[in-house]
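First the proteins, then the strands, lettered A, B, ... as listed; each starts at 1.
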There are 2 protein chains.
Amino acid sequence: MKADINDAMCPSRGVLEHVTSRWGVLVLVALRERSYRFSELRRHIGGVSEKMLAQTLQTLERDGFVHRDAKPVIPPRVDYSLTELGEEAAEQVEALGRWTEKRTQTVLANRDRYDEARS
Amino acid sequence: MKADINDAMCPSRGVLEHVTSRWGVLVLVALRERSYRFSELRRHIGGVSEKMLAQTLQTLERDGFVHRDAKPVIPPRVDYSLTELGEEAAEQVEALGRWTEKRTQTVLANRDRYDEARS
DNA sequence: CGGTATCCGCAACGATACTG
DNA sequence: CAGTATCGTTGCGGATACCG
């Protein structure tokens, strides 16, 4: 649990960091289609550790992007979905994500040219 | 210099990381208004070390977002500006940035309610 | 099933000193 | 002025073990 001076000077940086984090992006995009249970979401995303998924979900819940619905049953069942604010956030990152994917090939080519030029 | 398996599996992740990085965002937004010299940009952004600014600019140049114009004069003078692709990138991150700032107060309030609820 | 707690390595970052 | 080189610290993120 941290809160350094940078967050104090520029709180929006922290918000941006949460929604654009490696797993944050994937969680928001996944939950945009439908709600997911924890393990289900973990399998859907792929390559994410329990720890990081739990941490990401907690952060997003704390910020008010994700709603956590823990049903008191055995075995436990917890459903995650987007809040209205989260829906908005997901739209934004998905827009950026679509642009990024559209331009990725160009960027990759740029990198090759750059590396070529100084080898 | 890194290139792990995640980048191989999802190259667009790397691109997203570069444009949304702490200093990457600020560089793109700053260069959108006009071109800057190195130290000038450093002062304008504030709080960024020489090392990180140089690294950020190199990364963005390699990806083809930033154009580096080094004039062969003494003392050295290097101007940085956006390429067309960089202009596009800057628009995207500025849009996300504007949304983030618009919602930051809401998020901060959400965090307080969340923390309150479990203390 | 859906987490938490703990340990730990390694890359990111900042500060400082130096260079063309 | 515009960087590079080196060093020391920090903290993210994975692995593992355990809990309600």
Between B:Gln92 and B:Val19, does a side chain to side chain contact (heavy atoms under 4.5 Å, CB included) hold up when you go through it step by step? CA-CA 9 Å; B:Gln92 304 297 318; B:Val19 301; over 6 Å; no
Output, in order, the C-alpha distance, side-chain angles, deciding distance and verdict of side chain to side chain contact (heavy atoms under 4.5 Å, CB included) for A:Val93 and B:Trp99. CA-CA 10 Å; A:Val93 305; B:Trp99 176 85; over 6 Å; no
Report the C-alpha separation of B:Tyr36 and B:His44 in whole Å, then their side-chain angles, then the decisive distance to 0.1 Å, and conclude whether the side-chain hydrogen bond (donor to acceptor under 3.5 Å, both in side chains) test is met. CA-CA 9 Å; B:Tyr36 276 89; B:His44 178 81; 3.3 Å; yes
So A:Asp69 and A:Val78, side chain to side chain contact (heavy atoms under 4.5 Å, CB included) or not? Walk me through it. CA-CA 5 Å; A:Asp69 184 18; A:Val78 183; 6.0 Å; no
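If you measure from atom CG of A:Leu53 to atom P of D:dG14, you get 11 Å, rounded to the nearest angstrom. Going from atom NZ of B:Lys71 over to atom C1' of D:dG3 covers 18 Å, rounded to whole Å. Computed from coordinates, the B:Glu61 CD to D:dG3 P distance equals 9 Å when rounded to whole Å. Straight-line distance from the CZ atom of B:Arg118 to the P atom of C:dT4: 10 Å, rounded to whole Å. One can place CD of A:Glu17 at 13 Å from P of D:dG11, the figure rounded to the nearest angstrom. Across the protein-nucleic acid pair, A:Glu50 atom CD and C:dA5 atom P stand 14 Å apart, rounded to whole Å. In this entry the distance linking CG of B:Asp69 with P of D:dC1 reads 18 Å, nearest Å. Across the protein-nucleic acid pair, B:Ile74 atom CD1 and D:dG3 atom P stand 15 Å apart, rounded to whole Å.
Neither OP1 nor OP2 of D:dG13 sits under 4.0 Å from any side-chain N or O of A:Ser49. Checking the phosphate oxygens (OP1, OP2) of C:dG2, a side-chain nitrogen or oxygen of A:Arg37 falls inside 4.0 Å. In this structure, A:Arg43 does not reach the C:dC1 phosphate: none of its side-chain N or O atoms is under 4.0 Å from OP1 or OP2. Listed pair B:Tyr80 / D:dG3 meets the phosphate criterion, a side-chain N or O lying under 4.0 Å from OP1 or OP2. In this structure, B:Ser39 does not reach the D:dC1 phosphate: none of its side-chain N or O atoms is under 4.0 Å from OP1 or OP2. Note on B:Gln58: a side-chain N or O is less than 4.0 Å away from OP1 or OP2 of D:dT4.
Listed candidates were C:dA17, C:dC13, D:dC1. Nearest to the side chain of B:Pro75 is D:dC1. Between C:dC1, C:dG3, D:dG14, one nucleotide has an atom nearer to the side chain of A:Lys51 than all others, and that is D:dG14. The side chain of A:Phe38 sits closest to C:dG2 out of D:dG3, C:dG2, C:dG14. The side chain of B:Pro76 has C:dG20 as its nearest neighbour among D:dG3, C:dG20, C:dG14. The side chain of B:Arg77 lies closest to D:dA2, out of D:dG14, C:dG3, D:dA2.
Taking the nucleotide of DNA chain C with the nearest heavy atom to each of B:Val48 and A:Asp79, the more 5' of the two is matched to A:Asp79.
Using a 4.0 Å heavy-atom distance criterion, B:Arg42 is classed as making no nucleic acid contact.
Remark: the backbone N or O of B:Glu61 is not paired with any side-chain donor or acceptor of B:Arg68 at under 3.5 angstrom.
Nearest heavy atom pair, residue B:His18 against residue B:Leu60, reads O-CD2, 4.1 Å.
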